[in-house]
Amino acid sequence: MNKTDKDTNPTPNAQDVPVPRDPLEAKITPGNNQLLLSDWEPPQSGIVPLIRFKKNWYSILWALPIIFVLLVAAVAIAQGLREVPSVQMFIEHYPGTPASAAVVETGFPLWLRVSHFLNLLFMTFIIRSGVQILADHPRLYWHRDSTPGTEWFRFQKPVPEGRVWTAKDDSVTIPGWLGIPGVRHSIGLARWWHFSVNSLWLLNGIVIYILLFSTNQWQRIVPVSWEVFPNAASVALQYLSLNFPPDESWTKYNSLQQLAYFITVFIAAPTSVFTGFMQSPALSNHLGWFGRVFNRQRARSIHFLSLWWFLFFILAHVTLVFITGARVNLNMMWAGVNDDSWSGFMVFIPLITLVGILWAMASPFTIRHARLVQRVGAFVVGPIKGWAEWFDPKSELTEKDISPFLWPNGTMPDSKEFEDLVANDFADYRLRIDGLVERPAEYSLAELREMPQQEQITTHFCIQGWSGVAKWTGVPMRHILELVRPTPEARYAVFYSLADGAHGGVYYDCHNMENMRHKLTILALDMNDEPLSVLHGAPLRLRCENELGFKMVKWVTAIEFVHDFADLGSGQGGYNEDHEFYGYRMPI
Ligand SMILES: Nc1nc2c(c(=O)[nH]1)N[C@H]1C(S)=C(S)[C@@H](COP(=O)(O)O)O[C@H]1N2
Ligand SMILES: [Mo]
């Protein structure tokens with residue numbers, strides 16, 4: 001078709017009709033593709049971790065002298081016990097391995113050695129990004145809400161009183177060699193690492209499970225007789241007396257060793273996966289009573305204890321590998337041979353150097369190529385997130401579950417416009433709805449209050465790790481959809497705030513239409529039977545219970561229906577997505 005044909009065509013096709021745009025689109029600012037430290041929350045150090053017993057807090061540094069004294073005492077006692085005839089008989093009877101234990105003659109096959117290495121590599125990324133995530137809300141709780149003062153563990157000072165202290169204010173810096181990327185409040189990027197590498201680790205784990213049980217390799221690490229317990233006690237006594245039991249190298253493990261591997265592979269790993277998933281708003285809010293019992297804070301605490309098991313295991317495992325004959329042990333696990341050559345070292349040294357290089361590069365790379373990390377992360381875990389988003393959340397909590405405290409979060413509005421609205425008790429407030437809708441509309445607060453109201457008691461899940469229960473009342477989004485009638489082209493609803501985000505430019509966030517149709521998606525006007533406070537989003541905020549908190553825009557002023565969000569800001573689907581590298585879909 002030549003130019004003249006097109007120019008003279010009297011009927012414009014659908015693409016030529018100008019799409020109505022909300023004026024606030026112009027106030028969106030794109031984010032940087034790098035994590036710019038000059039435009040970021042300034043560093044803030046935490047404190048030495050504390051654990052609470054009853055009303056008192058104790059530094060975990062006390063553990064060092066306590067463990068030392070206990071170990072010395074245990075060695076003395078164990079050595080004394082080994083002189084006692086009945087103990088000697090016990091050790092003779094239970095030498096360390098049940099007589100029934102199978103002998104694995106096949107060594108460590110290649111698949112086992114490769115998956116062992118991958119496991120080591122993945123675990124370095126998982127642990128580091130996990131610690132980074134923890135530092136975004138450096139407190140742990142055992143119960144459903146996250147009320148300050150009720151933590152059992154923290155590495156941050158008590159919450160200051162007499163001022164607004166948001167969850168973002170509370171985040172602390174950890175060094176770049178430890179966390180990934182080692183920048184305060186970099187949870188968006190840490191999560192991409194954590195979840196992408198978790199997926200690889202999980203795949204590796206599934207392959208390991210399958211191959212363990214389709215060969216005889218499982219026999220080394222799965223106990224099959226109750227005698228494993230007295231034998232493990234016997235081994236512990238022998239180790240503690242510093243007179244080690246005989247080593248049967250890779251044909252069979254002693255009972256203590258077997259239990260340690262069993263716990264790691266079959267208890268700690270699944271526990272971590274399970275408690276990881278239970279921290280997701282979509283899964284937890286969908287699972288009803290199960291989500292209440294295994295609530296997010298409990299799951300997060302157990303997830304953390306599971307980390308400690310892994311750290312303890314790694315320390316013990318590596319120490320024993322090196323003190324019970326490093327060369328032979330390395331030959332077995334890295335070269336697959338049982339001799340005293342140097343072949344294990346020849347494989348181990350380059351591979352562990354590679355791990356070291358990747359370790360050193362991870363944080364600087366992530367800071368420099370933050371947008372890339374976000375894109376690759378979303379590509380790897382996007383399908384899992386899409387699957388989780390599909391769950392319709394339930395509201396099964398009751399009045400007595402309502403938390404005494406809900407952390408405030410985000411950047412407060414500080415415009416003259418907002419001040420005037422507050423001064424007038426929001427009498428001049430209008431909610432504007434436009435974009436791809438048949439009937440654009442503007443509603444006053446009074447009109448919104450006359451619409452059908454829905455009440456729900458739900459848990460709020462902030463990406464940073466805290467959660468809390470509140471009762472929300474407001475207009476179901478389904479009702480709004482009936483009023484304004486989005487056109488078939490509309491695929492997303494963009495929520496605009498009266499407040500700017502932390503790095504300048506209007507705060508906004510996009511949701512897909514399925515989220516808008518969920519039973520519990522409402523435009524909340526009340527929180528716990530009172531009109532919303534300014535802190536929590538007055539006069540109107542979104543509740544969308546299968547997403548993380550940052551997607552629930554506070555101080556909503558406009559909703560625009562669009563076909564695509566690629567042309568808004570950096571095109572990532574929202575303010576924190578553009579500026580802090582969060583994901584557009586965040587049901588986990
Ligand atoms: N406009 C705006 N809305 C926002 C934020 C923000 O910074 N600006 N923060 C979000 C985040 S990260 C969370 S966890 C919730 C917190 O809601 P709350 O302060 O009522 O607990 O609001 C969300 N809505
Ligand atoms: Mo949040």
Side-chain angles (χ1 to χ4, degrees), residues 24 27-29 31 41 133 136-137 139 145-148 159 164-171 185-188 190-191 279-281 296 300 402-415 417-418 421 431 458-474 494-511 522-528 530-559 569 573-584 586-588:
L24 278 173
K27 296 217 172 159
I28 298 179
T29 55
E41 279 77 6
I133 292 170
D136 234 65
H137 187 68
R139 307 175 189 271
D145 56 276
S146 310
T147 307
V159 169
V164 172
W165 183 256
T166 67
K168 273 186 193 168
D169 294 330
D170 205 49
S171 61
H185 188 50
S186 56
I187 189 166
R191 279 170 56 103
Q279 294 177 63
S280 137
R296 187 199 224 184
R300 193 168 179 256
I402 293 175
S403 307
F405 179 86
L406 195 81
W407 279 81
N409 214 2
T411 311
M412 304 296 147
D414 73 344
S415 61
E417 181 195 2
F418 190 78
L421 284 175
L431 170 67
T458 52
T459 310
H460 177 97
F461 292 71
C462 172
I463 191 170
Q464 294 186 265
W466 60 271
S467 49
V469 178
K471 178 181 187 179
W472 306 97
T473 314
V494 190
F495 289 78
Y496 293 96
S497 179
L498 285 159
D500 280 352
H503 316 263
V506 64
Y507 191 95
Y508 78 103
D509 202 80
C510 306
H511 284 266
I522 64 173
L523 297 176
L525 297 157
D526 293 342
M527 173 181 170
N528 299 335
E530 304 274 344
L532 278 174
S533 62
V534 166
L535 197 57
H536 291 295
L540 184 84
R541 75 172 300 165
L542 175 63
R543 294 299 311 168
C544 176
E545 309 293 354
N546 61 348
E547 299 286 346
L548 290 175
F550 74 91
K551 297 207 57 89
M552 296 185 231
V553 179
K554 301 197 283 189
W555 314 290
V556 172
T557 179
I559 307 172
Y575 190 87
N576 283 332
E577 292 88 329
D578 289 349
H579 293 265
E580 297 185 354
F581 312 101
Y582 292 5
Y584 139 72
M586 281 290 192
I588 295 182

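For the numbers below, each heavy atom of this structure counts, side chains included, while hydrogens, waters and symmetry mates do not. This one's a predicted model, so the numbers in the text were calculated from it and none came from an experiment. Just so you know, ligand 1 is whichever comes first in the structure, and atom 1 is the first atom listed for that ligand.
With hydrogens left out, the protein atom closest to atom 17 (O) of ligand 1 is Arg541 NH2, 3.1 Å, a heavy atom. Regarding atom 11 (C) of ligand 1, its nearest protein heavy-atom neighbour is Phe550 CA, 3.6 Å. Atom 24 (N) of ligand 1 has Met552 O, 2.9 Å as its closest protein atom, hydrogens excluded (heavy atom only). Residue, atom and distance of the protein heavy atom nearest to atom 1 (N) of ligand 1 are Ser497 OG, 2.9 Å. Given atom 21 (O) of ligand 1, the protein heavy atom at minimum distance is Trp407 O, 2.7 Å. Closest to atom 19 (O) of ligand 1 among all protein heavy atoms lies Lys554 NZ, 2.5 Å. Scanning the protein heavy atoms around atom 9 (N) of ligand 1, the nearest turns out to be Gly410 CA, 3.7 Å.
Residue Thr411 has at least one N or O atom closer than 3.5 Å to an N or O atom of ligand 1.
Remark: ligand 1 atoms within the under-4.0 Å shell around heavy atoms of Trp555 are 1 (N), 2 (C), 8 (N). Of all atoms in ligand 1, numbered sequentially from 1 with element shown, those under 4.0 Å from a heavy atom of Cys462 are 14 (S). Below 4.0 Å from some heavy atom of Pro408 lie the following atoms of ligand 1, by number and element: 19 (O).
One distance of note links OG of Ser280 with CG of Leu548; it measures 7.5 Å at 0.5 Å rounding.
For the residue pair Gln464 / Asp170, no side-chain donor-acceptor distance below 3.5 Å is found, with atom types taken as modelled. Between the side chains of Asn576 and Tyr507, at least one donor-acceptor pair of N or O atoms lies under 3.5 Å.
Shortest non-hydrogen contact noted between Thr459 and Val469 is OG1-CG2, 3.7 Å. Residues Met552 and Arg541 approach most closely at O-NH2, 3.8 Å, considering heavy atoms.
Only the side chain of Trp466 comes within 4.0 Å of ligand 1, judged by heavy-atom distances. The part of Tyr507 lying near ligand 1 is the side chain, judged by heavy-atom distances below 4.0 Å. Contact annotation: for Asn409 versus ligand 1, heavy atoms closer than 4.0 Å belong to both the backbone and the side chain. When non-hydrogen atoms are compared, ligand 1 lies under 4.0 Å from the side chain of His460 (C-beta onward) but not from its backbone.
Looking at His503 and Thr29, their side chains never come closer than 4.5 Å, going by heavy atoms from C-beta outward. Residues Arg191 and Phe581 form no side-chain contact, since every pair of their non-hydrogen atoms from C-beta on lies 4.5 Å or further apart. Using a 4.5 Å cut-off on side-chain heavy atoms (C-beta onward), Asn528 and Leu406 make no contact. Side-chain contact between Phe495 and Leu540 is absent, with no heavy atoms from C-beta onward closer than 4.5 Å.
Listed for the Trp407 side chain is a donor-acceptor partner under 3.5 Å among the backbone atoms of Ser146.
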